[in-house]
Structure formats: structure tokens, C-alpha cells
There are 2 protein chains.
Amino acid sequence: MATTETLTAERILAATEEVLRRHGPAKATVVDVARALGVSHGTVYRHFRTKAALREAVTERWLDRTSQSLAGLVTEDRDAGARLRDWFTALFTAKRHKAGDDPQLFATYQVLIGENSAVVERHIADLTGQLAGIVGDGVRRGTFAPVDPAATARAVFDATGRFHDPHYAHEWEQPGIEGEFGAVVDLVLRGLRA
Amino acid sequence: MATTETLTAERILAATEEVLRRHGPAKATVVDVARALGVSHGTVYRHFRTKAALREAVTERWLDRTSQSLAGLVTEDRDAGARLRDWFTALFTAKRHKAGDDPQLFATYQVLIGENSAVVERHIADLTGQLAGIVGDGVRRGTFAPVDPAATARAVFDATGRFHDPHYAHEWEQPGIEGEFGAVVDLVLRGLRA
DNA sequence: CAGATGACAGATATTGAAATCTGTCATCTG
DNA sequence: CAGATGACAGATTTCAATATCTGTCATCTG
């Protein structure tokens with residue numbers, strides 16, 4: 001079980017995700033993680049002060065993978081409206097795949113997200129920060145009405161919640177959802193234009 | 001305990017709400033409801049086929065109280081934009097009071113809502129129906145862009161979810177929330193205007 | 001001696017036997 | 001005889017005992 005490799009935080013996090021996937025959030029123990037790594041559980045506690053800290057780090061890693069996949073769109077040199085639409089489409093698609101491809105793991109992360117509101121807040125700050133970048137661009141170029149980018153980014157993020165908040169994941173496979181997504185994005189974009 | 005009065009469905013529902021308030025959703029039993037009414041539990045089953053049906057009816061009653069309090073705004077003869085803003089403000093205020101004034105009971109109803117998705121769907125259909133009325137008026141009078149009232153009502157309802165979906169109730173007492181509500185409503189109204 | 005170990009105490013979770021609840025229905029009552 | 005009752009069977013919940021886990025730390029090892 002790779003006992004020769006150095007025990008890094010990343011290896012522990014990967015093992016923890018695997019244990020969470022196998023056992024679910026209720027039954028995944030630090031002892032399980034240690035066993036998966038071939039070390040004693042005391043060793044895991046050398047890298048993460050508590051089980052809660054370990055779960056928090058796994059949650060952060062999971063959310064950051066989504067943020068990073070979107071970051072590229074912010075700096076592209078294109079119409080802000082189109083970029084905003086693409087950004088939300090990418091976010092919706094990414095979340096929908098996370099939910100649909102491995103429902104087991106997604107349910108697990110929903111529990112972790114409920115436990116780690118501080119991490120979620122940071123994630124939302126990340127995402128609205130990216131949005132503010134696009135909105136600011138649009139305002140500067142005159143595509144969008146002159147608004148405060150940060151406050152407007154938050155409003156736009158809130159308005160699209162049904163298509164990225166995991167609370168609504170169970171609706172993401174319903175038939176009309178694409179159209180409803182489009183309707184909200186259209187409405188929001190009309191509201192932004194100069 | 002009012003053993004003389006006729007046993008109506010409404011009396012059973014009121015007693016059930018009281019039992020739910022006292023004991024919470026997990027411990028409220030049909031036997032408790034019967035005891036509160038001074039009848040045997042078999043008698044309760046004469047009016048409601050199952051415990052689930054009883055809880056569903058209580059949930060529907062609770063949601064309908066909100067719908068009815070808003071219905072008046074739909075038929076008023078005023079600017080559609082102003083009515084739409086007032087309607088959402090009234091909805092947000094009503095829900096915020098339900099959540100803030102009796103958190104115990106509100107938490108109980110959140111559980112009931114989770115159990116009764118069909119009732120919730122009907123409630124949402126009620127509310128978006130009211131919205132479609134206002135949107136349709138705005139379109140007819142040329143205040144709003146020419147859109148499909150039903151689809152747009154749904155988009156507008158989705159876009160404001162953070163301020164009426166009970167899932168977000170814990171955020172409704174936070175400091176900046178009024179401003180965030182206003183920002184989303186402003187954005188949506190700008191998106192609707194002709 | 002830096003890093004890993006595993007025994008340990010207190011906290012948390014599991015389990016299965018006992019208690020309670022749900023839903024039915026034969027019987028009762030006004 | 002319309003409507004209420006409460007005994008009952010099966011389902012669900014509670015509770016206390018038992019088992020497992022978390023987090024620490026004195027000890028070990030390369």
C-alpha cells in the first residue's frame with residue numbers, strides 16, 4: 001500500500017476522500033484512513049490536528065477543484081455578457097456532473113459542506129470574486145450598466161442559486177431544467193446591460 | 001378539553017399544529033393529537049387516513065396561509081414593477097417572521113416540508129401563478145418587455161430563491177441581507193422592463 | 001532526534017431487547 | 001346506524017449495555 005512513499009498532506013487527503021467514498025460520511029473514521037495508508041492513526045494526527053480539520057481540508061480541496069476550473073474564463077478577452085453566460089454554464093455543468101456522475105460521493109460532500117460553513121463561505125467569496133472580475137470588465141467597457149461590481153456579482157450569484165447550490169441538486173436532472181437555467185441567465189443578463 | 005364541540009378536520013389540524021409545536025416533528029404522535037382533543041386515536045383516523053396524510057394537511061394549511069396573504073397584491077391596479085417589488089417584499093417579510101418569531105415551529109415545518117414535496121410543488125405553483133398574473137399585467141401595459149408570463153414568473157421566482165426558500169432561513173437575520181435582497185430585486189426588475 | 005507507534009481515557013456509535021406507536025376492525029353507544 | 005372506541009398485530013422508536021473511535025502522549029525506532 002505505497003508504504004515507501006513519504007506521507008504528505010495530499011496523500012492523506014486523497015486517502016480520506018477514498019475512505020469517504022467507500023464508507024460514507026457517517027462511518028468514515030480516522031482509523032480507516034490510517035489503515036488505507038498503512039500507518040497508525042496517531043500518524044494521521046501528526047498532519048491534521050483533529051478529524052474535523054481533516055474533513056474540512058478535504059472539503060476545501062473538493063470545492064477548490066471547481067473554482068480553479070472556472071478561473072480561466074475570467075481573464076479571457078471577450079464580451080463580458082458572453083463570458084458571464086459561459087461561466088454560469090460551466091459552473092452548472094460542473095456541479096451537475098459532480099452530482100450525477102457519483103451521487104454517493106456527492107451526497108457525502110453535501111454532508112461535509114453542511115459541517116464546514118466557513119469553507120463554503122470562502123468558496124462563495126472565491127466564486128463571487130471571479131464574477132466581480134467579469135462584471136467589472138463589462139462596466140469598464142460599457143457593455144454593462146455602471147454598477148458596483150462586487151455587490152452586483154453577489155446579486156447575480158444569488159439569483160442563479162438554483163443552478164449551483166447543491167441543495168437543489170435533486171432538481172438538476174429534471175426535464176425542463178436547461179430551459180429554466182436559460183431563462184434565469186437571460187433575465188439576469190438583460191438586467192445587467194447598459 | 002372542548003369535548004362538546006364537533007370534531008372537524010380544522011380542529012384536528014389546529015391540535016396537530018399545537019402538538020407539533022410542543023413536541024417537535026420527531027415526537028409528535030397521533031396518540032398525542034387524540035389526547036389533546038380528548039378523543040381516541042381511532043377517531044383521528046376516521047378523518048385522516050394516515051399520519052402522513054395528517055401531516056401533509058397541516059403542511060398545506062401552513063403554506064396556504066402565506067399564499068393567501070399575498071393574493072391581494074396581484075389584483076391591485078398599480079404599476080406592475082412596484083407590485084412585483086411589494087409582492088416579494090411581503091413574501092420575504094412573511095417568511096422571515098415565520099422563521100424568526102417561532103424558530104421551534106419553523107424548524108418543525110422545515111421537516112414537514114421535506115416530507116411533503118408534492119405539497120411544496122403545489123405551493124410554488126400557487127406563488128408563481130400569482131407572479132404570472134403581475135408579469136402578465138406588466139407585459140399587457142407595456143411596462144415589461146414582451147415575455148411569456150408563466151416562464152418569466154418562474155425565472156423571477158427562482159432568481160429570488162435566497163429570500164423565500166426556507167433552506168436559507170438561517171441567513172435571513174444577517175446584517176446585509178436587506179441590501180442583498182434589494183440588489184437582486186433591482187437586477188430582476190431591470191431585466192423585466194421594456 | 002524526527003517521526004512513528006499503540007495503549008489509554010473519555011466521547012461517540014452500535015445493537016438488540018423492551019416500550020411505544022400506527023393503522024385496522026369488531027364492538028359499543030347515543 | 002353514524003360515529004366513537006380500544007384491543008390488537010406489525011412497524012418503529014427508545015434505552016442501556018457494549019463496542020468502537022478520537023485525541024493524547026510516553027515510548028520506540030531508523
Side-chain angles (χ1 to χ4, degrees), chain A residues 1-60 104 107-108 110-112 114-116 118-119, chain B residues 1-60 107-108 111-112 114-116 118-119:
Chain A
M1 230 165 275
T3 33
T4 35
E5 285 176 52
T6 326
L7 189 65
T8 60
E10 171 56 29
R11 274 191 65 221
I12 294 175
L13 291 178
T16 304
E17 184 170 284
E18 184 54 28
V19 167
L20 281 164
R21 186 199 309 274
R22 285 196 133 82
H23 300 345
K27 292 196 200 160
T29 70
V30 176
V31 172
D32 290 331
V33 174
R35 188 169 25 239
L37 290 162
V39 299
S40 79
H41 76 279
T43 303
V44 174
Y45 279 99
R46 174 165 295 285
H47 290 82
F48 294 93
R49 216 154 42 288
T50 63
K51 184 188 185 182
L54 176 57
R55 288 165 79 110
E56 183 178 306
V58 173
T59 308
E60 190 158 39
Q104 179 84 55
T108 292
Q110 277 194 268
V111 173
L112 293 186
E115 286 170 4
N116 294 286
V119 172
Chain B
M1 231 163 275
T3 33
T4 36
E5 285 176 54
T6 326
L7 190 64
T8 60
E10 171 56 30
R11 274 190 66 220
I12 294 175
L13 292 178
T16 305
E17 184 170 284
E18 184 54 27
V19 167
L20 281 164
R21 187 201 308 276
R22 285 196 133 82
H23 301 343
K27 291 195 201 161
T29 71
V30 176
V31 172
D32 290 330
V33 173
R35 190 170 22 240
L37 289 162
V39 300
S40 79
H41 76 279
T43 302
V44 174
Y45 278 99
R46 174 165 293 283
H47 291 82
F48 294 93
R49 210 143 62 278
T50 62
K51 182 188 185 183
L54 177 57
R55 287 165 79 110
E56 183 179 306
V58 173
T59 309
E60 189 158 40
T108 292
V111 173
L112 292 186
E115 284 170 4
N116 294 286
V119 172

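Keep in mind the model is a prediction, meaning the values are calculated, not measured. Residue numbers start from 1 in every chain, and the chains themselves are labelled A, B, ... in the order their sequence lines are given, proteins ahead of strands. Values below: all heavy atoms of this structure, side chains included; hydrogens, waters and symmetry mates excluded.
- Computed from coordinates, the Arg35(A) CZ to dT22(D) P distance equals 11 Å when rounded to whole Å.
- Across every strand in view, dG3(C) sits in a pair with dC28(D) that passes the Watson-Crick or G-U test at under 3.5 angstrom.
- Rounded to whole Å, the distance from NE2 on His47(B) to P on dT24(C) is 16 Å.
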Item to check | Worked check of side chain to side chain contact (heavy atoms under 4.5 Å, CB included) between Glu115(B) and Leu112(B) | outcome: CA-CA 5 Å; Glu115(B) 284 170 4; Leu112(B) 292 186; 3.6 Å; yes
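- Taking the nucleotide of DNA chain C with the nearest heavy atom to each of Ser40(A) and Ala26(A), the more 5' of the two is matched to Ser40(A).
- Contacts of Thr29(B) with the nucleic acid, taken as non-hydrogen atoms under 4.0 Å apart, involve only primed sugar atoms and P, OP1 or OP2.
- Rounding to whole angstrom units, CZ of residue Arg55(A) and P of dC21(D) are separated by 14 Å.
- A sub-4.0 Å separation between OP1 or OP2 of dA4(C) and a side-chain N or O of Arg46(A) is present.
- Comparing dT22(D), dG23(D), dG6(D) by their nearest atom to the side chain of Thr50(A) picks out dG23(D).
- Atom CZ in Arg49(B) sits roughly 14 Å away from atom P in dC25(C) (whole-Å rounding).
- Separating the NZ atom of Lys27(B) from the C1' atom of dT14(D) is a distance of 10 Å, rounded to the nearest angstrom.
- Taking atom CG of residue Leu37(B) and atom C1' of nucleotide dA4(D), one finds them 13 Å apart after rounding to whole Å.
- dA11(D) is paired with dT20(C) under the Watson-Crick or G-U wobble criterion, all donor-acceptor distances under 3.5 Å.
- By the 4.5 Å heavy-atom criterion applied to side chains, Thr29(B) and Val33(B) are not counted as neighbours.
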Next on the checklist: I'd like to know whether Tyr45(A) forms a side chain to side chain contact (heavy atoms under 4.5 Å, CB included) with His41(A), so could you lay out the CA-CA distance, the side-chain angles of the two residues, the decisive distance to 0.1 Å, and finally the verdict.
Outcome noted: CA-CA 7 Å; Tyr45(A) 279 99; His41(A) 76 279; 3.8 Å; yes
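- In terms of phosphate contacts, Thr43(A) brings a side-chain nitrogen or oxygen within less than 4.0 Å of OP1 or OP2 of dT5(C).
- Remark: P of dT12(D) and NE2 of His41(B) are 16 Å apart, rounded to the nearest angstrom.
- The nearest pair of heavy atoms linking Leu20(B) to Pro25(B) is CD2-CA, 3.9 Å.
- Remark: C1' of dA4(D) and OH of Tyr45(B) are 16 Å apart, rounded to the nearest angstrom.
- A heavy-atom distance below 4.5 Å is found between the side chains of Leu13(A) and Phe48(A).
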